[in-house]
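The structure appears below as structure tokens.
Residue numbers start from 1 in every chain, and the chains themselves are labelled A, B, ... in the order their sequence lines are given, proteins ahead of strands. Since the model is a prediction, treat every value here as computed from it, not as a measurement.
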Amino acid sequence: MTIAQVIVDVPSLGTDKVFDYRIPKKWDGMIQPGMRVAVPFGPRSIQGFVIRLIDHTDIGKIKDIIQPLDLTPVLNEELLQLGDWMARETISYKVSVFHAMLPVAMKAKYEKMIRKKDDAPLLLEELLKNKQEISWKEAEKRNLLPALYKEIQSGNAEVIYFVKDRARKKLKRVVEPIVRKDEMEEMLQALPSNAFNQKKLVYHLLKSNQGMIEAADLAKKAEVPASTIKALIKKGVLSEHMVEEYRDPYEHKNFERTSPLPLTKEQQAAMKPILHSIEHQSHETFLLYGVTGSGKTEVYLQAIQEVIKQGKEAIVLVPEIALTPQMVERFKGRFGSDVAVLHSRLSIGEQYDEWRKIQKKEVKVVVGARSAVFAPFEHLGIIIIDEEHESSYKQEEIPRYHAREVAIKRGEYHRCPVILGSATPSLESFARAQKGVYHLLTLSKRMNDRGMPPVSVVDMREELRGGNRSMFSTELFEKIKDRLQKEEQTVLFLNRRGHSTFIMCRDCGYVMQCPHCDISMTYHRSSSEMKCHYCGFQTGVPTECPECSSNHIRYFGMGTQKVEEELVKLLPEARIVRMDVDTTTRKGAHERILEHFQAGKADILLGTQMIAKGLDFPNITLVGVLSADTMLHLPDFRAAEKTFQLLTQVSGRAGRHELLGEVVVQTYTPEHYSIQLAAMQDYQRFYNEEMSMRKIGSYPPFYYLALVTVIHEDLLQAVTVTEKISNFLKSNVSREAILLGPVASPIPKINNRYRYQCLIKYKREPNLFSALRKILEHYNPQASRDGLSITIDINPYNMM
DNA sequence: AGCACGCCGACT
DNA sequence: GTCGGCGTGCTC
């Protein structure tokens with residue numbers, strides 16, 4: 001007897017373990033580890049992942065697997081193992097981890113039906129309108145449930161549960177001639193003279209030597225209606241069947257093939273150890289630290305080429321917002337149809353198809369966002385993480401994994417190199433490189449031998465003192481006007497969307513807050529409404545102060561919308577495009593805006609985060625950062641690092657080609673080292689400064705972090721539970737660990753629920769993870785009963 | 001997570 | 001007496 005050990009699709013503490021199921025005879029030998037199966041679970045049937053086959057179990061009551069949901073495993077041995085490790089490291093459930101590894105299309109949907117029994121009486125017939133069954137949802141909608149309940153109880157009907165697989169393959173209808181040519185010739189003669197279209201089609205088949213073709217295409221080519229094709233199928237001239245088709249998101253794009261470029265001395269020096277690692281099949285993590293424009297991508301491309309030559313595969317991770325067509329083009333241009341692309345802007349079906357190309361070994365390279373690190377390659381030869389410092393590599397939902405750590409784990413398994421590339425490496429990575437954990441490779445020169453553009457830092461306090469109350473300093477404004485005149489392009493960067501961040505009464509200082517969250521509400525001009533960005537609450541814009549009835553209400557803090565308005569007012573002749581979440585939600589909007597700008601149809605590109613990456617247009621000669629400090633004052637120990645990285649990146653947008661570029665940075669804190677050193681493009685000094693700050697604060701990379709957040713609608717409950725957790729942890733970690741808390745979370749209330757935190761800073765704590773699991777177990781009853789929620793984030797990036 | 005089971009109060 | 005509210009515990 002073969003037994004399958006199954007991880008069941010129920011993300012909860014009590015079910016985070018294997019369940020044993022008998023494999024029915026008819027599936028014997030077909031069901032393998034890594035496959036999805038449908039299994040009975042209590043009264044329901046649900047999806048599960050087979051993780052192991054065994055031939056004996058001590059479990060008394062054991063049920064049969066209903067059926068397999070895959071023909072071949074969707075998780076291989078490596079990924080199953082990786083899942084174990086990830087669940088441990090991130091303190092999450094195995095199912096959650098498995099789902100994170102697979103395209104969403106593989107997450108099952110469940111459906112409940114009520115089915116009539118054969119000998120059921122007439123009343124039920126009416127309820128079901130002569131049908132055998134009805135979906136639970138519809139019965140609910142039509143208010144039939146009470147009546148049907150009775151029928152179920154009296155045994156006239158039963159509830160059945162379905163596992164619905166969402167992984168739909170797209171099919172297309174193809175036809176193929178199945179008779180010899182001479183037979184067709186004969187037929188041409190024999191057809192009645194009024195069968196004009198059939199003759200035309202047979203003639204076309206003969207002449208074009210037609211092989212297999214999509215039915216619709218054939219009709220078009222032969223210029224006959226679809227019915228003619230049907231007629232010939234009936235007559236046995238053509239055979240018809242359905243074949244699987246891939247949804248290709250880049251179907252109508254042609255990618256120009258490129259060949260390897262000659263490498264600079266520095267690039268060659270960087271290539272050497274990478275090639276060594278590839279050839280000797282030894283795992284090593286490289287930190288490729290190269291200034292913007294130093295040609296990191298060419299190093300990636302040539303390393304991948306070597307990997308392909310060895311018959312192996314490559315994964316390239318790119319931050320989600322950097323996955324533009326230009327980026328894809330660079331890889332498709334070099335490796336053509338050997339490339340699959342994976343990111344969240346593809347439809348569920350497209351994601352599934354790209355994933356299947358990988359699984360079926362039809363591609364050698366995958367370029368994708370975070371989750372592409374799980375690409376099911378079996379002979380990985382290299383993993384590349386571009387812009388490795390990007391925080392989007394950390395998943396903010398369960399399982400809270402970091403793609404960098406997963407990549408290194410996979411690199412160890414496959415004994416292949418992992419390359420982390422950045423112009424502004426994360427402190428964690430650079431520190432590891434300094435310690436020799438990673439192998440540091442440096443590209444210090446830009447390929448075009450052009451220095452970085454000069455950066456001038458403008459003190460906005462001075463501007464204010466000088467009487468300039470606008471959001472543009474005199475220097476920046478003059479420079480924008482100058483570019484307009486020269487017909488060169490300007491990029492303006494502001495890391496805040498919307499219109500105004502908050503509104504305040506000038507008489508009494510009242511600031512409008514969300515009634516459900518501890519956060520000020522944001523004014524949205526387009527909908528003319530106040531919105532809470534955390535719970536979605538909306539309300540009208542007050543015309544007078546609710547506290548003192550004054551009508552002196554002022555809008556504070558500027559967003560991209562407001563800047564756009566100002567620009568239109570000040571420079572009516574300028575053509576402006578705005579790019580932020582609000583203007584790029586529609587599919588393809590992102591590309592359209594960039595193409596528009598690239599074609600020179602706009603003078604000024606105004607945007608948030610998303611314009612900081614990848615823009616490489618020759619006519620950009622001015623970059624303005626409107627407010628460098630928006631990020632700097634966030635309650636986040638990485639604030640300085642993020643500011644430095646962003647400023648460096650944005651500056652890199654200017655003067656990448658023949659024309660010289662310059663950068664203007666506006667700030668209220670020009671003396672801050674992250675702004676000063678970003679202006680000087682001095683990463684090394686920034687690293688040293690920031691490292692000493694981190695050391696003083698006992699933050700990464702000197703300490704690891706674990707963040708426990710307790711959420712409850714009752715403030716007192718939230719505090720006491722956090723306190724108990726803190727005390728429990730204190731007695732379970734060594735003296736070297738530092739415990740902070742309980743403290744209120746940076747946003748103490750969201751959606752009427754209070755948030756308290758406990759932060760653990762530690763170096764080596766072998767017992768910490770098991771202690772954290774114990775906490776979850778202990779509070780599990782209260783969590784399901786009382787709305788208490790406890791989240792654990794190992795190495796958090798978002799402290800909120 | 002969902003679902004059944006079982007116990008208690010409120011009403012036909 | 002029965003309906004339905006929710007607290008409790010289990011799912012191979």
Q) For DNA chain C, which nucleotides open and close the run of contacts to chain A, 5' to 3', at under 4.0 angstrom from a non-hydrogen atom? A) C:dT8 to C:dC12
Q.
As a test of understanding, state which of A:Arg400, A:Arg370, A:His402 forms a side-chain hydrogen bond (donor to acceptor under 3.5 Å, both in side chains) with A:Gln395.
A. A:Arg370
Q) Is a donor on one side and an acceptor on the other found under 3.5 Å between the side chain of A:Glu350 and the backbone of A:Ser347? A) yes
Q) Within the structure shown, what part of the strands sits under 4.0 Å from A:Ile62 by heavy-atom distance: base, sugar-phosphate, or nothing? A) sugar-phosphate
Q. In whole angstroms, how far is the P atom of B:dA1 from the NZ atom of A:Lys107?
A. 11 Å
Q: Verify the neighbour count for atom CD1 of A:Ile519: are there more than 12 heavy atoms of other residues, nucleotides or ligands below 6.0 Å?
A: yes
Q: Round to the nearest Å and state the distance from A:Ile114 atom CD1 to B:dC3 atom P.
A: 12 Å
Q.
Under 6.0 Å from the ring centre and within 45 degrees of the ring axis: does the NZ or CZ of A:Arg773 meet both conditions for the six-membered ring of A:Phe769?
A. no
Q: For the residue pair A:Tyr401 and A:Phe374, categorise the inter-ring angle as parallel (less than 30°), tilted (30 to 60°) or perpendicular (more than 60°).
A: perpendicular
Q. Which part of the nucleic acid does A:Lys112 contact within heavy-atom distance under 4.0 Å: base, sugar-phosphate only, or nothing?
A. sugar-phosphate
Q) Between A:Lys531 and A:Phe537, is NZ or CZ placed under 6.0 angstrom from the six-membered ring centre and within 45° of the ring axis? A) no
Q: Check each residue of residues 26-53 of chain A for a non-hydrogen atom within less than 4.0 Å of any atom in DNA chain C, then write out the ones that pass by number, or none.
A: A:Pro40, A:Phe41, A:Gly42
Q: For residues A:Pro746 and A:Met799, report the shortest heavy-atom separation together with the two atoms involved.
A: CD-O, 3.5 Å
Q. What nucleic acid atoms does A:Tyr161 come within less than 4.0 Å of, heavy atoms only: base, sugar-phosphate, or nothing?
A. sugar-phosphate
Q. For A:Lys109, does the NZ atom have more than 12 heavy-atom neighbours from other residues, nucleotides or ligands under 6.0 Å away?
A. no
